[in-house]
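This report refers to the structure that appears directly beneath it.
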Amino acid sequence: MNTGIAIAHAGQGGGAPHLLDEHLRAVAALAASHLNHDPLARELARLAGLWHDLGKYRTGFQRYIRMVAEAHIEGRLPQGSDKSHSAAGALWAAQTLKERLGPQGLVLARVLQYVIAGHHAGLDNWEGGLKGRLAGFDAARELAEARQGGPAPELLAPAVLNLPDLKQLPLGRNGIEEIPGRFALWLRMLFSALVDADFLDTEAFMSPGAAQARQADALPMSCLRGVFDDYMARKAEAVQAAGQTDTPVNRRRAEVLAACRAKATGAPGTYTLTVPTGGGKTLASMAFALTHAERHGKRRVVMVIPYTSIIEQTAAVYREVFAPLGDDVVIEHHSNAESDERDENARSRLACENWDAPVIVTTSVQLFESLFARRTSRCRKLHNLANSVLVLDEAQLLPVEYLQPVVDVLRLLVRDHGVTVVLCTATQPTLTSQPLFGGKGLRGYGPGEVTAIIDDEAGLYAALQRVRVHLPADLKTPQPWSVTTEALMPHEAVLAIVSRRADARELYEGLKRELPTGARGLWHLSALMCPQHRSEVIADIKAALVARREALARGDEAEPVRVVSTQLVEAGVDLDFPVVFRALAGLDSVAQAAGRCNREGRLAMGEVHVFVPPKAPPPGLMRQAAQTCARVWDGCGDRDPLALERIAAYFRHLYADAELDRKGICEALRLQIDRQEQALAVRFRDASDAFRLIDDKDAATVIVRYHSARCREDVNVLLRMLERDGPARWLMRKLQRYGVTIYQHDLKKLVAGGDVRELPQVPGLYVQTESDVFYDPVVGAQVGGAPGDPASYMA
DNA sequence: AATAAAAAAAAA
């Protein structure tokens, strides 16, 4: 029995409490408004909002919430309090809808049950999860208690049950080819609408400052497009003033831009933008997105980019473009984003929570892990994806082992949620349906489902061709390092990219031996060097390339620039060498490597040499990619190994051979209709747990003691702060600059050898001990045998 | 018996 009116949240500092009736009404209205484009989902969201916190009317919960408010006085949480409150609403939904709509009502209630029961703990499996949990409650008692708490009658029984026909429920085929995760995505959107509304209404009560900061005048897309066009016009004028309009590259860039604007008026759907490196993709894709959004009433543009290093460059470009409209137009959402540490209510920080901004720039990990997530915090942004333009940059990096669920979800966003998808890359993956015997192969895009933005891709590639690729006569027989070293030596400006960190080390040492003692102009790059170290070396290399070019232009003697690297330079690092060597790898990797060659088009043709290193790439996808590439090149003769049709063939073969849903995500998300229980069974928890784009179960991070004149901060000082004050977020982010990822088996040896120890303050995080043998100032962390140890050269 | 690089990390 309650004394007084039920509350949703206690008042702050003696202020008035948040009334539960009001919270439910507000969440219902807000959740419904999030799904205006989907009438059935909108009305279910309204009901979910009204009922999600019914359990809070129970006496036990009201006692709990009031005692928590006083807990800081008592210094402990009260005994016998009951804070679980998400079941009552789910039980109420089933009872009420069944009473009012019959069996159809129960089916609709099943949808609400996932959403309401999960609004705190996250979406769960039906079998072995939600089903059992709901059955474990005494429904009659639970609901009686909630009614006693005095909810306003219209909350329990809304006068208008404006529910469209059950046929609207996306259960199965519904006239289009079946995609198993269709219902799951639709339901997740509903979940997103509810939890975001719940978060927002609670925030409005708890921290009005934050709610205030969220309010921003919605900028119409026409306004963004206008500012963008002005920027592009100024840029074109500058090119003209410099008298460079008629260079082949600038002419082609202008054509790409024009094609993007022209095709943007086409119907919403899936588009590909296939443009070689240097074709002006970053701005052209934005031109497409804005023009399309304005034309078709899309609400926002979401740019998805695989690596944070590329994001920072891209976001900086967009920031400059939209600067006349203020700082809040472009929101960068990723782990490295510089959010203002002091301002809890910074709009940029708040917008990251639910992607409520006109232009979002984010990582593919953020996007895809959110699309398969079960947690409230991760899902709340999803409803804001509906009716947006989603641009996926570097589309060739879509994760092969999750390709099937990823392609499914992209197609569903387009079909059911008003999204237009643009796949951008220089090496377009073949995502059309390739069903093979035995059910293998990709269930992908059908004929006519995808529109190419560039009409004459082959012509564009021919016009922008800047390299000649040389294949070895024999792609099957590995060559010893001495052969590669010998081929590299005559080149004074050369980049060699290998597939293994140990290879980078070995080739570097080999070149060093060939060169005179103390010779300058040789660098090593791999992820065994910490990010700070890598940044400094890359900066040095860029400076050396500039110095060399200037010296040659003057006719002076120039320092050589030789770099041995792993594939870390292939994405987002804009080095430019006249000659590039690449160890046999996936065709897309080789194409990326070729993108580092004659990048600025200073030479008539750059030279790219593919070689077969002594050791095959590690087993798994990398090896499969290299083998597939060799197969596609077999009999290639003197035709271009990177021609468009070869890229298409490569992806066709790769996807035909690879496991495209290694974790069984599609099956977990497939709707199983249990007619007896009238249940809609989906395994949300399993899918979410299995969807991990970055697998780090065998990896550990070691903070190394890297020092240089250019380090802004001293690792030792940071580590002392960590040991004294524990892992603050800002501190961990700074330390990330000095982290190296190594494998567990190496870690064990290093710990045993006393080179590395675990930090008691952060279990699972390791630091280099004061001994400095572990980290070499040139090649970084020493793992897998000492340098020059003959054992590391053996099979 | 070996393994590139990549990202993220708090809820109402």
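Numbers restart at 1 for each chain; the letters A, B, ... are given by sequence-line order, proteins then strands.
- Atom CZ in A:Arg505 sits roughly 12 Å away from atom P in B:dT3 (whole-Å rounding).
- For A:Met622, counting side-chain heavy atoms from C-beta on, the closest listed nucleotide (B:dA12, B:dA4, B:dA5) is B:dA4.
- Closest approach to the A:Lys56 side chain among B:dT3, B:dA12, B:dA6 is made by B:dA12 (side chain taken as heavy atoms from C-beta onward).
- A side-chain donor-acceptor contact under 3.5 Å links A:Gln62 and A:Arg66.
- For A:Tyr775 and A:His533, the gap between ring centers is short of 6.0 Å.
- Under 4.0 angstrom from either OP1 or OP2 of B:dA11 there lies no side-chain N or O belonging to A:Thr376.
- For A:Gln567 against B:dA5, no side-chain N or O and base N or O form a donor-acceptor pair under 3.5 Å.
- Within residues 21-34 of chain A, no residue has a heavy atom under 4.0 Å from DNA chain B.
- A:Gln366 has a side-chain polar atom (N or O) that falls below the 4.0 Å cut-off from OP1 or OP2 of B:dA8.
- One interatomic measurement links the two molecules: NE2 of A:His524 to C1' of B:dA4, which rounds to 13 Å at whole-angstrom precision.
- Two rings, from A:His52 and A:His120, have their centers 6.0 Å or more apart.
- Counting any heavy atom pair closer than 4.0 Å across all strands shown, A:Tyr307 reaches sugar-phosphate atoms only and no base atom.
- An OP1 or OP2 oxygen of B:dA11 is reached within less than 4.0 angstrom by no side-chain nitrogen or oxygen of A:Arg378.
- Across B:dA7, B:dA9, B:dA4, the shortest atom-to-atom separation from the side chain of A:Gln736 is found for B:dA9.
- Considering only residues two or more places apart in sequence or on other chains, A:Lys663 meets the salt bridge (charged side-chain N to carboxylate O under 4.0 Å, His left out) condition with none of them.
- For A:Asp393, the salt bridge (charged side-chain N to carboxylate O under 4.0 Å, His left out) criterion is met by A:Lys281, not counting sequence neighbours.
- Residue A:Asp696 is in base contact, counting any heavy-atom pair closer than 4.0 Å across all strands shown.
- If you take CD of A:Glu203 and C1' of B:dA11, they are 11 Å apart, rounded to a whole angstrom.
- Between A:Arg380 and B:dA11, a side-chain N or O to OP1/OP2 separation shorter than 4.0 Å is absent.
- When the C1' atom of B:dA8 is taken as reference, atom CG of A:Leu693 falls 11 Å away, rounded to whole Å.
- With B:dA4, B:dA9, B:dA6 as the choices, the nucleotide that has an atom nearest any side-chain atom of A:Arg500 turns out to be B:dA4.
- Atom-to-atom, CD of A:Gln592 to P of B:dA6 comes out at 13 Å; the value is rounded to the nearest Å.
- Counting to the nearest Å, the P atom of B:dT3 and the CZ atom of A:Arg501 are 9 Å from each other.
- Note: CG (A:Asp698) to C1' (B:dA6) measures 16 Å, nearest angstrom.
- Here A:Arg623 lies out of heavy-atom contact (under 4.0 Å) with every strand.
- Here the nucleotide nearest the side chain of A:Leu568, chosen from B:dT3, B:dA8, B:dA5, is B:dA5.
- For A:His9, the side-chain atoms get nearest to B:dA12 when compared with the rest of B:dA4, B:dA12, B:dA6.
- For A:Arg662, the CZ atom is loosely surrounded, since the number of other residues' heavy atoms within 6.0 Å does not exceed 12.
- Closest to the side chain of A:Thr202, out of B:dA12, B:dA8, B:dA4, is B:dA12.
- Here the P atom of nucleotide B:dA6 and the OH atom of A:Tyr402 are 18 Å apart, to the nearest Å.
- Within 4.0 Å of A:Arg534, counting heavy atoms only, lie sugar-phosphate atoms of the nucleic acid but no base atom.
- Residues A:Lys381 and A:Ser370 meet the side-chain proximity criterion, which asks for heavy atoms closer than 4.5 Å.
- Comparing B:dT3, B:dA8, B:dA12 by their nearest atom to the side chain of A:His745 picks out B:dT3.
- Outside the 6.0 Å centre-distance limit, the rings of A:Tyr114 and A:Phe191 are not counted as a close aromatic pair.
- Distances from the side chain of A:Tyr743 to the nucleotides B:dT3, B:dA11, B:dA8 place B:dT3 closest.
- The side chain of A:Ser335 places an N or O atom within less than 4.0 Å of a non-bridging phosphate oxygen (OP1 or OP2) of B:dA8.
- In the set B:dA6, B:dA5, B:dA7, the nucleotide with an atom closest to the side chain of A:Ser526 is B:dA5.
- Looking at heavy-atom distances under 4.0 Å, A:Glu570 makes no contact with the nucleic acid at all.
- Looking at A:Glu312 and A:Tyr307, their side chains never bring a donor and an acceptor atom within 3.5 Å of each other.
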